[in-house]
J.: 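The structure under discussion is supplied below as structure tokens; questions concerning it will follow.
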Amino acid sequence: MSTLLARFEEWLSSVGTSSTMSGTIDELITLLVVLAVFSLIDRLAFHYGRSWTKKVVKKTKVDWDDALYRHKVFSYGIRMLPALLLLYTIDLVFDHLDTNLLKQLTRIYMDYLFVGGSIAALHSAEEVYVSRREPGSIYTIKPYLQVFQIIIIVLGLLIALSILLSQNISVIIGGMGAFAAVLGLVFRDSVLGFVGGLQISINNMLKYGDWISLPKYNADGTVVDISLTTVKVQNWDKTISTIPTYSLVTESFRNWRGMEESGGRRIKRSINIDISSIKFCTPELLEKLRKIDLLGEYIESRENEIHSYNERLQHDHIPAIPRRQTNIGIFRAYISSYLRAHEQIHKKMTFMVRQLQPTEHGLPIELYVFSKIQEWTKYESLQADIFDHILATAPLFELRIFQSPGSFDLQELALRNQPQRPGN
């Protein structure tokens, strides 16, 4: 090596180069050797340190150190040791040189390790939280961890800038007033998302696993992810809708959590009865309906009540039409008794079978009850079974379900009104 350096120096002298260049070459070679040694130490420390931490992590009974290992937090810490060694040995190796630049680069590298290790630690914290979260829990810490990530990254950039400029970080922060507006524009969504996330959390507006509906964004499904800037909703058709977090604060959306926590799901649907089929019950119809288990007691009670009322009218000589039971009234009573006997209908929540305003489509009979079943498919099946039964039993009360005439009805009417040919 010395022979090569001597020949290189002779060549520099022959071309008229200053002899100081020789010293510069020596310094450069020394620097390269130091960096090579540092790289070797870094590799060895990373390899053996990672192997040792892996053995220790496997022996422990806690799970948080496994998360730290998977996210390479220990690796960042191990690589910090060779960097510290280099930082404190530079002056010993280059005691006659200015080592400020090399120190700055080393400190920036250590700053990078600090930022990377801190972010990895936050990812580990999220993993541990999710693994320890109770089944069915709907709380998430992801938006808050993302805020800390942004703070750490900005802090790391400021530290690197202060190292390069050899200025105190407080001086740099104080001189960034004009730059703050640019940062506000760059991180606008993050700032709005953070503010929106805080309002959502404080007001308990939204949690992981909630079923929400937001027609503007074609979102109708379950919240699967809440981050700093977006909320992801898996719709019932398995598509994913991405919604800005702050939109959930500034715009209206429907959260079905109240329904889920109540233990019931509302059934609000009506059928239309043909008004021309509504009438007073004949003795024959009453006798037929009295045989239905759910109606026997009701009909008997109502008959006694009406008989007493009519007798009082005759006794008082009040001119009035005597009261009689109607098929529509008994039909409503039957629906109510049928639903009260149904095991999947919630009896402690709002329970109502009522008439709505008659329209050109007949008299609506509305069911306003709550089912114990909340799962969508089973809920729809229950609802269909109930109305199948109601539609099928209406003729027993001599009631007709109203429907607009269809093509088949018009065809039948035309055939009836068609004049017969002579001889037929």
Side-chain angles (χ1 to χ4, degrees), residues 1-2 4-5 8-9 12 17-53 68-124 146 148-180 182-183 186-187 190:
M1 177 66 71
S2 59
L4 291 174
L5 288 174
F8 187 67
E9 290 177 0
L12 290 174
T17 305
S18 173
S19 60
T20 57
M21 182 65 71
S22 175
T24 303
I25 295 299
D26 290 341
E27 295 170 3
L28 180 60
I29 292 175
T30 305
L31 177 60
L32 292 176
V33 170
V34 170
L35 293 178
V37 172
F38 167 74
S39 177
L40 178 62
I41 295 174
D42 180 73
R43 289 287 183 179
L44 292 175
F46 176 76
H47 176 73
Y48 289 104
R50 187 174 174 83
S51 300
W52 180 77
T53 53
L68 292 175
Y69 179 81
R70 280 191 294 272
H71 290 278
K72 301 181 180 180
V73 177
F74 295 125
S75 299
Y76 284 105
I78 291 170
R79 285 187 160 171
M80 187 72 76
L81 298 176
L84 287 172
L85 178 64
L86 176 62
L87 182 64
Y88 289 104
T89 57
I90 289 177
D91 291 331
L92 297 177
V93 177
F94 300 98
D95 55 341
H96 58 292
L97 298 176
D98 185 7
T99 58
N100 285 333
L101 179 59
L102 189 55
K103 285 182 178 180
Q104 286 178 334
L105 295 177
T106 305
R107 290 193 179 100
I108 291 175
Y109 175 68
M110 293 172 64
D111 179 52
Y112 160 76
L113 294 177
F114 167 75
V115 172
S118 300
I119 293 176
L122 293 177
H123 288 310
S124 304
Q146 289 181 330
F148 284 120
Q149 288 182 31
I150 293 177
I151 293 174
I152 291 171
I153 292 173
V154 172
L155 182 61
L157 291 175
L158 291 175
I159 292 174
L161 190 61
S162 68
I163 293 172
L164 285 175
L165 299 179
S166 300
Q167 293 287 340
N168 191 288
I169 190 171
S170 60
V171 176
I172 295 177
I173 294 176
M176 290 184 64
F179 190 60
V182 179
L183 289 178
V186 173
F187 295 103
S190 298

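Index from 1, following the sequence. Not measured: the values here are computed from a predicted model.
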J.: Ala120 and Tyr76: which non-hydrogen atoms are nearest, and at how many Å?
T.: CB-CE1, 4.2 Å

J.: Tell me the closest heavy-atom pair linking Met80 and Met110, and the distance in Å.
T.: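 It is CE-O, 3.6 Å.
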
J.: Can you name the one residue among Leu157, Leu158, Ile151 that meets side chain to side chain contact (heavy atoms under 4.5 Å, CB included) with Val154?
T.: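 Testing Val154 for a side chain to side chain contact (heavy atoms under 4.5 Å, CB included) against Leu157, Leu158, Ile151 leaves exactly one candidate, Leu158.
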
J.: Going by heavy atoms in the side chains, are Tyr109 and Leu113 under 4.5 Å from each other?
T.: yes

J.: Should Val115 and Ile159 count as side-chain neighbours, where that means a heavy-atom distance under 4.5 Å?
T.: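 SC-SC contact between Val115 and Ile159 ruled out.
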
J.: Please round to the nearest 0.5 Å and tell me the distance separating atom CD1 of Ile153 and atom CZ of Phe148.
T.: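 Going from the CD1 atom of Ile153 to the CZ atom of Phe148 covers 14.0 Å.
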
J.: Once salt bridge (charged side-chain N to carboxylate O under 4.0 Å, His left out) is applied, what residue pairs with a partner in residues 105-121 remain, sequence neighbours excluded?
T.: none

J.: Which residues pass the salt bridge (charged side-chain N to carboxylate O under 4.0 Å, His left out) test with Arg79, sequence neighbours left out?
T.: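 Arg79 satisfies salt bridge (charged side-chain N to carboxylate O under 4.0 Å, His left out) with Asp42 only.
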
J.: My understanding is that only residues two or more places apart in sequence, or in another chain, count here; which of them pass side chain to side chain contact (heavy atoms under 4.5 Å, CB included) with Ser124?
T.: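 Only Ala67, Leu68, His71, Val73 meet the side chain to side chain contact (heavy atoms under 4.5 Å, CB included) criterion with Ser124.
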
